[in-house]
Engineer: 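One structure is given below, represented as structure tokens, and several questions about it will come after.
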Amino acid sequence: MTTRTTAQQREQARIAYDAYLATCPARQLLDRISDKWVSLLLTALADGPQRYSGLSRTIAGVSQKMLTQTLRTLERDGLVSRSVTPSVPVRVDYALTSLGVSLLPVMQAIKDWAETHIEQVAAARDTYDSRSTSPDAVAQSTERNEASRQIRSA
């Protein structure tokens, strides 16, 4: 068995969790937390525990399947806890764990950034798309403009 110095051990640990490497477990976690439903669920749970139906109402557009799947994944990763209260009907509440709370500032910042800069991003997309004269590019640009207008008027 080879003896390694403390510096070598630290270097080995640094390499083991380098998200730029395809086999790194941290990369898998980054993939997980970058999902749009994950970020929306975590920020929705920021104000405290919620029931499934409350989360479904808060996060418009999420299907029942995706909500269930995402909650299970977050529970498995230790970011969300699920508590069942025996009653008729059974009450199930979801809440952030301490690990989930530690991730919340980052997720909230990303959500806030997206809400603040959506108009600039939409303008950049339009500029990029206007360089193309294909009918498909024009149609996509028109659809995005309409969606942006609807978001701004909401």
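We number each residue from 1, following the sequence as shown.
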Engineer: What is the distance from atom CD1 of Ile59 to atom OG1 of Thr43, rounded to the nearest 0.5 Å?
Structural biologist: 7.0 Å

Engineer: Could you go step by step and tell me if Leu42 and Leu96 meet the side chain to side chain contact (heavy atoms under 4.5 Å, CB included) rule?
Structural biologist: CA-CA 7 Å; Leu42 291 176; Leu96 292 175; 3.4 Å; yes

Engineer: In the structure I gave you, are the side-chain heavy atoms of Leu79 and Leu103 within less than 4.5 Å of one another anywhere?
Structural biologist: yes

Engineer: Heavy atoms, side chains only, cut-off 4.5 Å: are Leu21 and Asp18 in contact?
Structural biologist: yes

Engineer: Rounded to the nearest 0.5 Å, what separates atom OG in Ser56 from atom CG in Leu71?
Structural biologist: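 Taking OG in Ser56 and CG in Leu71, the distance rounds to 10.0 Å.
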
Engineer: Verify, without hydrogens or angle tests, whether Tyr128 (side chain) and Ala123 (backbone) share a donor-acceptor contact under 3.5 angstrom.
Structural biologist: no

Engineer: Taking a hydrophobic cluster as the set of Ile, Leu, Val, Met, Phe, Trp and Tyr residues connected by side-chain heavy atoms closer than 4.5 Å, whether directly or through intermediates, do Ile110 and Val121 fall within one such cluster?
Structural biologist: no

Engineer: Side-chain contact test, heavy atoms from C-beta onward, threshold under 4.5 Å: evaluate it for Val38 versus Leu74 and give yes or no.
Structural biologist: yes

Engineer: Compare every heavy atom of Asp93 with every heavy atom of Arg51, then report the nearest pair and how far apart it is.
Structural biologist: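 Residues Arg51 and Asp93, closest heavy atoms: CG-OD1, 3.2 Å.
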
Engineer: Looking at Ala19 and Cys24, what are the two nearest heavy atoms and their distance?
Structural biologist: N-SG, 3.8 Å

Engineer: If Ile, Leu, Val, Met, Phe, Trp and Tyr residues are connected whenever their side-chain heavy atoms lie under 4.5 Å apart, and connections chain through other members, are Val84 and Tyr52 in the same group?
Structural biologist: yes

Engineer: Roughly how far apart are Lys36 NZ and Met66 CE, rounded to 0.5 Å?
Structural biologist: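 With rounding to 0.5 Å, NZ (Lys36) is 8.5 Å from CE (Met66).
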
Engineer: Using a 3.5 Å distance criterion without hydrogens, assess whether the side chain of Ser34 forms a donor-acceptor pair with backbone atoms of Asp31.
Structural biologist: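 Judged by distance alone, yes, a pair lies under 3.5 Å.
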
Engineer: Any side-chain heavy-atom pair from Leu55 and Leu45 closer than 4.5 angstrom?
Structural biologist: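 Yes, close enough: below the 4.5 Å cut-off.
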
Engineer: Rounded to the nearest 0.5 Å, what separation is found between the CZ atom of Arg82 and the OH atom of Tyr94?
Structural biologist: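 Answer for the CZ-OH pair, Arg82 versus Tyr94, is 4.5 Å.
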
Engineer: Do the side chains of Val62 and Trp37 get nearer than 4.5 Å, heavy atoms only?
Structural biologist: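 Result yes, sub-4.5 Å side-chain heavy-atom pair found.
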
Engineer: Write down the atom of Arg27, the atom of Tyr20, and the distance for their closest heavy-atom approach.
Structural biologist: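 Taking every non-hydrogen atom into account, NH1-O, 3.6 Å.
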
Engineer: For Gln64, look at atom CD and say whether over 12 heavy atoms of other residues, nucleotides or ligands are found less than 6.0 Å away.
Structural biologist: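 Check fails, neighbour count at 12 or below.
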
Engineer: Once you round to the nearest 0.5 Å, how far does OG1 of Thr73 lie from CD of Glu75?
Structural biologist: 10.0 Å

Engineer: Short question: side chain of Thr97, backbone of Gly78 - any donor-acceptor pair under 3.5 Å?
Structural biologist: yes

Engineer: Please check: side-chain N/O of Thr70 versus main-chain N/O of Leu67, any donor-acceptor pairing under 3.5 Å?
Structural biologist: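 No; zero donor-acceptor contacts below 3.5 Å.
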
Engineer: Is a salt bridge present between Arg32 and Asp77, judged by a nitrogen-to-oxygen distance below 4.0 Å?
Structural biologist: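 Here Arg32 pairs with Asp77 in a salt bridge, since their nearest N and O are under 4.0 Å apart.
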
Engineer: Can you hop from Leu40 to Ile118 via hydrophobic side chains spaced under 4.5 Å?
Structural biologist: no

